[in-house]
Amino acid sequence: MDIITNCPVCGQQNFRISMEIPDYFLTQEVFKISECLSCGMLFTNPRPALNDLGRYYKSEDYISHSNTKKGLVSKVYHWVRNHNFKKKFKIISELSKGRELLDVGCATGGFLSFFKEKGWSVTGIEPDSDARKVAKEVNGLNVFDESELVHFKENSFDVITMWHVLEHVPFPGERLEVLKRLLKEDGLLVIAIPNPGSYDAEFYGKFWAGYDVPRHLLHFKQNVAKKFFEKLHLDCFCIKPMKFDSYYISLLSEKYKNGKTSYINAFFKGWKSNRFAKKHENNFSSLIYLLRKKK
């Protein structure tokens, strides 16, 4: 295990243990989440060593890296994913001045395939070799291991996206500095992350599926995320909700909390979370941060 001694956002060393959470999804190992008393950042601490992280993703049920549609949850996930592709395309195409797209953490490449069909030039980064193989051999995409990021040319992409990826990154500041270098001066950086400041997160507490320890190393509340981006000289000019996420995360959280899936309770909690967010600073279950490099 790696022990974190400095806050990933502000660098301070004054922490408290916020909660202890089992890996409900896979191993049942218990992990601690620390809260920085200086900036409020939440992070898994200690966390698995970098060379050990991969084993926590090795499950066919980890459907963001799988094409499986077995079971109702997986079918709903894929239906919502395809619906979201259309919404993401609308947001990005209206804001981007070009069509060179890099998706970091592209999994099997569904998002990239959608944009490719729309005439975009697409490139992916995916650390998981199995998911990368599907993206390349099944979907015919240009997808590389994350080690290749440093070899890409500067100012080469109009849009760089990270869909629920930043929370998995051990060194987020370093990663975003690399992406800033690859982004054109007027380019668009899109980052979607879970929000532990949402109603569903507060309701489910340690059972909230958005924590997903130890795969999620970082847990950004909205105010902390904005401070983090500001520190990196990124202009967060707009924040948009991912409204379907509250339902999906509530569905998993219900199972973790009660040992069984309750579609009715999950739907009600997801609906209530979205309603709460509209009245409380748009604190939806997941948020999309739209960013540009500061001049």
Side-chain angles (χ1 to χ4, degrees), residues 1-50 52-53 56-57 162 164-173 175-176 191-232 239 242 245-246 248-259 269-270 272-273 276-277 280-287 289:
M1 289 287 178
D2 289 340
I3 298 175
I4 311 305
T5 57
N6 296 81
C7 172
V9 168
C10 71
Q12 297 299 310
Q13 298 179 329
N14 192 14
F15 314 147
R16 75 176 182 91
I17 297 175
S18 175
M19 60 183 76
E20 296 187 13
I21 306 176
D23 173 11
Y24 294 108
F25 169 71
L26 191 59
T27 67
Q28 305 304 312
E29 296 173 50
V30 176
F31 294 87
K32 297 177 182 178
I33 291 181
S34 292
E35 179 182 9
C36 176
L37 298 179
S38 298
C39 72
M41 181 63 186
L42 300 170
F43 50 98
T44 304
N45 188 27
R47 67 193 187 196
L50 297 183
D52 193 39
L53 270 172
Y56 293 95
Y57 293 84
M162 297 179 78
H164 287 296
V165 170
L166 187 63
E167 62 269 28
H168 298 261
V169 177
F171 305 105
R175 173 56 52 86
L176 291 187
I191 297 178
I193 44 181
N195 175 24
S198 64
Y199 170 84
D200 51 300
E202 293 183 8
F203 175 81
Y204 286 109
K206 69 177 183 179
F207 300 104
W208 187 57
Y211 287 121
D212 197 24
V213 294
R215 288 157 294 278
H216 291 187
L217 307 175
L218 309 165
H219 316 279
F220 291 93
K221 290 186 178 181
Q222 184 178 172
N223 64 321
V224 178
K226 289 191 288 188
K227 291 177 184 176
F228 180 56
F229 297 138
E230 178 71 22
K231 181 181 179 181
L232 294 171
I239 301 175
M242 299 185 76
D245 277 29
S246 64
Y248 178 67
I249 291 177
S250 292
L251 189 63
L252 294 177
S253 302
E254 279 289 323
K255 184 177 181 179
Y256 296 161
K257 184 177 182 180
N258 301 312
K269 287 298 183 294
K272 192 171 182 178
S273 183
F276 174 89
H280 295 85
E281 300 180 341
N282 285 326
N283 264 313
F284 288 88
S285 188
S286 292
L287 296 168
Y289 296 85

For a side-chain contact (heavy atoms from CB on, under 4.5 Å) with F31, tell me which candidate from M19, M1, E20 qualifies.
M1

Sorted by chain and residue number, the ring pair (Phe, Tyr, Trp, His ring centres under 6.0 Å) partners of Y204 (sequence neighbours excluded) come out as none

Could you pull out all residues at least two apart from F229 that satisfy ring pair (Phe, Tyr, Trp, His ring centres under 6.0 Å)?
Y289

Residue pair Y199, F276: steps toward the ring-ring contact (aromatic ring centres under 6.0 Å, His included) verdict:
CA-CA 7 Å; Y199 170 84; F276 174 89; 5.7 Å; yes

Could you give all pairs that pass the side-chain hydrogen bond (donor to acceptor under 3.5 Å, both in side chains) test and reach residues 2-12, with sequence neighbours left out?
none

Is a donor on one side and an acceptor on the other found under 3.5 Å between the side chain of T44 and the backbone of H216?
yes

Backbone N/O of K269 and side chain of S273: donor-acceptor pair under 3.5 Å:
no

Let me confirm one number: the [atom1]-[atom2] distance from [X] to [Y], rounded to the nearest 0.5 Å.
{"X": "F25", "Y": "L252", "atom1": "CZ", "atom2": "CG", "answer": "9.0 Å"}
{"X": "Q222", "Y": "S198", "atom1": "CD", "atom2": "OG", "answer": "11.0 Å"}
{"X": "I193", "Y": "M162", "atom1": "CD1", "atom2": "CE", "answer": "9.5 Å"}
{"X": "K227", "Y": "L232", "atom1": "NZ", "atom2": "CG", "answer": "14.5 Å"}
{"X": "F220", "Y": "I191", "atom1": "CZ", "atom2": "CD1", "answer": "8.5 Å"}
{"X": "N283", "Y": "E202", "atom1": "CG", "atom2": "CD", "answer": "8.0 Å"}

Side-chain donor-acceptor pair present, S285, D200, cut-off under 3.5 Å
yes

Side chains of N195 and H219: any donor to acceptor distance under 3.5 Å?
no

List for me each residue that meets side chain to side chain contact (heavy atoms under 4.5 Å, CB included) alongside K231, sequence neighbours excluded, and say none if there are none.
none

Using the test side chain to side chain contact (heavy atoms under 4.5 Å, CB included), find all partners of N45 that sit at least two apart in sequence or belong to another chain.
I3, I4, F15, S34, F43

Heavy-atom count check: over 12 atoms from other residues, nucleotides or ligands less than 6.0 Å from E281 CD?
no

Which atoms form the tightest heavy-atom contact between Y211 and G205, and what is the distance?
CE1-O, 3.4 Å

Does D23 have any side chain to side chain donor-acceptor pair (under 3.5 Å) partners at least two apart in sequence or in another chain, and if so, which?
T27, R215

Hey, what's the ring geometry for H168 with Y57, parallel, tilted or perpendicular (30° and 60° as the breaks)?
tilted

Has K257 got its NZ or CZ under 6.0 Å from the middle of the six-membered ring of F203, at an angle within 45 degrees of the ring axis?
yes

